[in-house]
Structures are given as C-alpha cells and as structure tokens.
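Bear in mind the structure is a predicted one, so any value in this text is a computation, not a measurement. Start at 1 and go down the list; that is how both ligands and their atoms are numbered. Because only heavy atoms are used, hydrogens play no part in the values below, and waters and symmetry mates are left out as well, while side chains stay in.
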Amino acid sequence: MTVTFDNSYARLPDRFYARQTPTPVAAPSTLSVNKDLARELGFDPDDLSAEVLTGNTLLPGTDPIAQVYAGHQFGGWVPRLGDGRACLLGEVTGEFGPNDTRRDIQLKGSGVTPFSRRGDGRAWLGPVMREYLVSEAMHALGIPTTRALGAALTGERVQRERGYPGAILTRVAASHIRVGTFQYFAGQNDIEGLRLLTDYAASRHYPNAKNPMEFLDHVVRAQAELIAGWMSVGFLHGVMNTDNMAISGETIDYGPCAFLDAYHPRTVFSSIDQTGRYAFAAQPDMGMWNLAQLATALLPLHPDEDAAVEEASAVLNQFPDLFHEAWTAKFRAKLGLARSEDGDGKLISGLLSRMASSQADFTLTFSALNTRDASHEVSDEGAWDSWAPDWQARLAREQDPDTTMARANPVVIPRNHQIEAAIQAGIDGNYAPFHRLAAAFTRPFAPEQEDMDLTRAPTPDQRVLRTFCGT
Ligand code: AMP
Ligand code: MG
C-alpha cells in the first residue's frame with residue numbers, strides 16, 4: 001500500500017470527537033470501488049476490499065473517530081449532533097491542488113457512536129447508492145463535492161419502514177468541518193476550542209486567511225460559487241441545515257437531494273420540508289442564513305465586540321452580490337454567452353420564466369439550446385417565439401457560442417426516477433442498473449449512444465415527487 005495516513009483532526013483535543021471504531025458487520029461484499037479516485041488518492045484499488053470498505057479491517061495508519069458538531073435543523077437549534085452513523089478513519093495526504101493536501105476518508109453507516117441518539121448508526125442500500133451516484137455525477141459536472149470511494153453491503157438487514165439490505169459508503173471529503181462544528185464550540189462557550197478549530201480549518205482550507213473574518217470571507221465566497229453551481233444544473237440539495245454545510249465549499253450530505261425535471265423555482269422534493277424552506281429558489285437565501293450562523297459563531301474571536309458585528313456583517317453582506325455574479329456568469333454560459341452585455345440578465349430571466357410557465361424540463365431545455373431550438377420544451381403559447389429572436393441577435397455577437405453551451409449544458413444528469421429504479425433493482429439483488437448509471441454519470445457533457453435513453457424526462461407515472469432523508 002502506497003497511501004499514507006496523517007490524522008491531523010485526531011490530534012486536536014479530545015473534546016473535538018469521540019474515539020470510535022466501526023462496528024464489525026456480518027458478511028461484507030463489495031458493491032463498487034471507485035478505481036480512478038482510489039488511484040488519485042494513492043490507494044491500490046485492491047487494498048479496498050469489502051472488509052476494508054465495511055470497517056471490519058482497518059488500514060494501517062488510520063485512527064478512527066466520530067466528530068462532534070451542532071447545527072440548526074430546519075431553523076431549530078440542536079446544541080449537539082455529531083457523527084451518529086459515521087466514522088472518520090483518517091486523512092490521506094497528497095498534492096490534490098494548490099494548498100490542498102488532505103482528504104478525509106470516512107465510513108458512513110458504520111455503526112453507533114456516542115452521537116447516535118436513538119439511531120442505529122447504520123445506512124441502507126438506497127441512500128448509499130444515491131449518494132454514490134449523485135456525488136460522483138456532481139464531480140463530473142464540475143461542482144465541488146465530497147466523493148464516493150466505494151460502497152459495500154454489510155450482509156445485515158437494516159430496519160426502516162421495512163427491512164432493507166445494509167450498506168456502507170466510503171466518503172472522501174476535503175474535510176468534514178461544517179458550519180455546525182463552529183456552532184458547537186460557540187454554543188459551549190468554549191472559546192479556546194473555537195479558536196483552535198478556526199485556526200485548524202483556516203490552515204487546512206484557506207491558508208491565506210489571516211484572521212477569523214478573512215476566513216469567513218473565504219467561506220462566503222466558496223458558498224456563493226457552490227450554490228450558483230447547484231442552480232446552474234438544477235440541483236436541489238433539500239436539507240441545507242447548518243450541519244450539512246461544509247466550510248470547504250464542497251456539497252455534502254445527499255439525503256433527500258434531487259435534480260429538477262420540470263423547472264419551477266418553488267420545487268420541493270423532501271418529504272420533511274413542509275414549508276418549502278429549502279425549495280429550489282430558496283437555496284441562496286438559505287446559504288446566506290447558514291453563513292450568518294457561521295458569522296455569529298465566530299464573533300467571540302474578535303478582540304473588539306462592536307467592531308466584530310460590523311465587520312462580520314460587511315463580510316456576510318457580500319454574499320448576495322457574489323452569488324448573483326456567479327449565477328449570472330453560469331447562466332450566461334448556458335445561453336452561449338461568453339462575454340457580458342447589459343441585457344443578458346433580462347435574457348436569462350426571460351427564458352426561466354417561460355420555462356416555468358411551460359413546465360419545461362430544465363436539462364432538456366438547456367441542452368436543446370445547443371441546437372438553437374428549444375421550442376419543443378418551452379412550449380407555452382408563443383413563449384419560444386417571443387424570446388428566441390432576441391437571443392439569436394445576441395448570439396450573433398459571440399465568437400464560439402456552440403463550445404460555450406456544450407461545456408455548460410449537460411445532457412445526462414442523475415434523474416431521480418433513474419436512481420429510484422436502480423435502488424429498487426438493488427433491493428432485489430440486481431446491481432446492473434446502479435453500475436450502468438455510475439458509468440453514464442461520468443460523462444454528462446459527452447454521452448455515448450448507449451446513454452441516450454437516460455436523457456429522457458420521466459413520463460408522468462415515472463415522476464418522483466417526494467424524496468426521503470437518507471436515514
Ligand atoms: P442528516 O440529516 O443526515 O444530516 O443527519 C442528522 C444527524 O442525525 C447527524 O448527526 C447524523 O449522524 C444523525 N443520524 C442520521 N441517521 C442516523 C442513524 N441511522 N443512526 C444514528 N444517527 C443518525
Ligand atoms: Mg448531515
């Protein structure tokens with residue numbers, strides 16, 4: 001084995017985590033090993049046996065812990081959450097990018113921890129397949145995300161509404177530090193812990209940040225870019241609680257997430273989101289709300305109490321403009337516009353409102369723009385004809401709009417009905433649909449002929465209207 005573990009989080013003080021080894025499982029078998037990612041991280045894919053992917057065998061150099069954090073769940077404060085069904089095995093080191101030298105390796109579904117509350121610490125095949133497929137699809141779409149290194153079956157049953165096959169996901173993340181991790185220490189009034197965490201997180205993710213406010217500034221920027229990325233592919237996270245927002249700027253926790261089929265800004269999928277708090281178009285506001293919680297948590301680190309609020313507000317209040325800029329740039333590209341002109345915003349919103357009234361499929365509409373004709377999708381009476389001529393005129397002032405659009409408009413995205421079908425087949429012991437999707441989702445912009453049926457929108461009876469948290 002060539003990989004080296006260096007477990008910096010486990011060297012922080014004891015109150016940052018609980019030492020916790022995975023609970024052994026009965027009969028491990030491999031569902032999937034992500035060989036490309038394994039090699040990128042320095043693993044020999046053969047090292048990642050079913051025994052390793054379930055935690056029955058610990059790789060040398062790991063030092064398993066369950067991390068503590070807090071969080072606002074649907075706006076309600078929970079002072080202590082933590083890894084209730086996950087185990088951070090350790091960190092692998094390498095040159096992953098500029099100032100980017102560590103990756104967490106975590107098992108999700110690895111058994112009870114001191115933070116499990118009433119949970120069983122386990123995961124079942126459905127959420128494990130969903131997170132594997134969607135996180136790897138997001139990566140291929142160019143959106144920052146945690147990754148899936150592997151998935152394995154435990155050979156045990158997990159009891160939910162009924163019994164399901166148990167499974168474990170091996171998750172890779174730049175780190176698992178969340179907004180809620182800062183809230184935990186602030187909530188405990190543990191200022192020394194808060195300072196240690198901030199210094200640690202800054203040096204790991206934003207080494208140029210010289211103080212907590214500069215650190216906040218980096219997180220604000222990363223989240224503005226991330227959420228704009230979500231919106232640009234029609235991704236709905238579904239449970240943007242502060243414990244599910246990573247300060248690295250990676251998408252994390254794929255519980256009730258889903259991609260839009262028909263576009264509507266108020267779309268909600270999650271069965272528990274009854275007020276639409278995390279509806280599609282609410283995501284930037286909710287991102288800002290979460291960042292305000294991070295800003296609040298960081299206030300005690302400021303030497304001057306009054307200046308602290310003012311400075312933190314100034315940093316935070318950049319978010320709407322940063323988001324709008326990132327969002328506009330991404331949607332401009334989707335329309336084939338590499339340059340910026342004054343009327344572009346109106347062109348974008350004009351298309352989106354026509355898509356909403358036409359109940360147009362989000363992905364099919366934008367990929368149809370690549371052929372210059374989305375009249376089949378934007379089908380409301382007169383909708384296409386009242387928009388297309390202005391767009392055509394604007395396109396005439398672009399150098400190479402076809403390339404711009406081809407890079408910005410994916411053709412194959414992880415559609416919810418396809419994922420549900422793969423999960424259903426998996427429950428029956430047929431993993432072929434899962435493997436097929438996993439392969440297709442690696443090439444969203446350049447599908448192969450065999451992927452083309454995956455581009456279709458769901459028929460009315462295939463449409464998935466509700467998703468459930470991955471517990
Ligand atoms: P989530 O909604 O997936 O972000 O989870 C919220 C919290 O519930 C986290 O602290 C999880 O660790 C915990 N949790 C979720 N599912 C389970 C489970 N099956 N067993 C124990 N804890 C869980
Ligand atoms: Mg979570």
Side-chain angles (χ1 to χ4, degrees), residues 16-18 20-23 25 54-55 64-89 104 106-132 134-135 145-146 148 154 156-169 171-184 187 236-248 250-258 268-274 277-278 286-287 290 293-294 467-471:
F16 281 63
Y17 48 79
Q20 180 67 56
T21 48
T23 308
V25 301
T54 51
I65 56 173
Q67 293 174 307
V68 67
Y69 49 86
H72 279 94
Q73 299 189 308
F74 289 90
W77 170 241
V78 186
R80 200 172 103 125
L81 286 160
D83 292 332
R85 54 167 161 177
C87 213
L88 174 60
L89 295 178
D104 277 5
Q106 191 205 58
L107 297 184
K108 193 169 172 185
S110 54
V112 288
T113 78
F115 312 111
S116 296
R117 296 177 292 172
R118 268 152 302 178
D120 60 1
R122 291 299 184 191
W124 69 275
L125 187 62
V128 168
M129 278 188 167
R130 179 184 303 275
E131 177 156 349
Y132 193 112
V134 183
S135 66
T145 177
T146 63
T154 61
E156 297 174 358
R157 300 296 279 183
V158 170
Q159 195 57 41
R160 296 292 180 261
E161 319 75 82
R162 46 162 277 204
Y164 288 111
I168 295 179
L169 180 81
R171 178 159 74 179
V172 177
S175 84
H176 284 85
I177 305 170
R178 306 141 193 271
V179 169
T181 319
F182 291 83
Q183 291 183 285
Y184 173 77
L236 204 164
H237 183 283
V239 59
M240 292 175 67
N241 295 335
T242 57
D243 53 305
N244 292 337
M245 181 184 264
I247 59 99
S248 64
E250 288 182 340
T251 312
I252 190 168
D253 273 14
Y254 288 87
C257 72
V268 177
F269 292 115
S270 173
S271 59
I272 57 170
D273 189 0
Q274 291 180 352
R277 180 180 171 90
Y278 299 133
M286 288 299 110
N290 289 350
Q293 308 316 311
L294 176 62
T467 58
F468 301 90
C469 264
T471 48

Original post:
Taking distance alone, with no angle check, do Gly82 and ligand 1 share an N/O pair under 3.5 Å?
Top reply: yes
**OP:** Would you tell me which option among Arg85, Arg122, Lys108 has the nearest heavy-atom contact to atom 3 (O) of ligand 1?
**Re:** Arg85
Subject >> Flag, side chain of Ser116 to backbone of Gly84, donor-acceptor distance under 3.5 Å >> reply: yes
**OP:** Could you list the atoms of ligand 1 found under 4.0 angstrom from a heavy atom of Gly121?
**Re:** 18 (C), 19 (N), 20 (N), 21 (C)
Original post:
ligand 1 versus Asp243, non-hydrogen atoms closer than 4.0 Å: side chain, backbone, both, neither?
Top reply: side chain
Original post:
In ligand 1, which numbered atoms sit nearer than 4.0 Å to a non-hydrogen atom of Asn244?
Top reply: 4 (O)
Original post:
Between Arg178 and ligand 1, which residue portion shows a heavy-atom distance shorter than 4.0 Å: side chain, backbone, both, or neither?
Top reply: neither
Original post:
Closer than 2.8 Å to the Mg ion (ligand 2), how many protein N/O/S atoms do you count?
Top reply: 2
Original post:
Parallel under 30°, tilted from 30 to 60°, perpendicular over 60°: which one fits the rings of Tyr164 and Trp124?
Top reply: parallel
**OP:** Number the atoms of ligand 1 from 1 as they appear, then name those within less than 4.0 Å of a heavy atom of Arg160, with their elements.
**Re:** 19 (N)
**OP:** Return yes or no for this condition: an N or O of Arg117 is under 3.5 Å from an N or O of ligand 1.
**Re:** yes
Original post:
Do His237 side-chain atoms and Ile252 backbone N/O form a donor-acceptor pair below 3.5 Å?
Top reply: yes
Original post:
Would you say Val239 has any N or O atom under 3.5 Å from an N or O of ligand 1, going by distance alone?
Top reply: no
Original post:
Are Arg118 and ligand 1 in contact, using a heavy-atom cut-off of under 4.0 Å?
Top reply: no
**OP:** Taking only heavy atoms of Tyr69 into account, list the atoms of ligand 1 that are under 4.0 Å away from them.
**Re:** 9 (C), 10 (O)
Subject >> Under 3.5 Å donor-acceptor, Ser110 side chain and Pro22 backbone >> reply: no
**OP:** First locate atom CD of Glu156, then atom OG1 of Thr54, and finally report the distance between them rounded to the nearest 0.5 Å.
**Re:** 9.5 Å
Subject >> Where ligand 1 meets Asp253 - atom numbers and elements under 4.0 angstrom, heavy-atom basis >> reply: 4 (O)
Original post:
Step by step, would you call Tyr132 with Tyr254 a ring pair (Phe, Tyr, Trp, His ring centres under 6.0 Å)?
Top reply: CA-CA 9 Å; Tyr132 193 112; Tyr254 288 87; over 10 Å; no
Original post:
Is Arg178 close enough and on-axis enough to Tyr69, meaning under 6.0 Å and within 45°, for cation-pi?
Top reply: yes
Subject >> Where ligand 1 meets Gln73 - atom numbers and elements under 4.0 angstrom, heavy-atom basis >> reply: 6 (C)
Original post:
Counting N and O atoms only, with roles assigned by atom type, does the side chain of Asp104 sit under 3.5 Å from a partner on the main chain of Val172, one being a donor and the other an acceptor?
Top reply: no
**OP:** Indicate yes or no for a side-chain donor-acceptor contact from Asp243 to the backbone of Val179 under 3.5 Å, with no hydrogens or angles considered.
**Re:** no
Original post:
Any side-chain donor paired with an acceptor under 3.5 Å for Asn241 and Tyr278?
Top reply: yes
Original post:
Would you say Thr181's side chain and Ile177's backbone share a donor-acceptor pair under 3.5 angstrom?
Top reply: no
Original post:
Would you say Asp273's side chain and Arg277's backbone share a donor-acceptor pair under 3.5 angstrom?
Top reply: yes
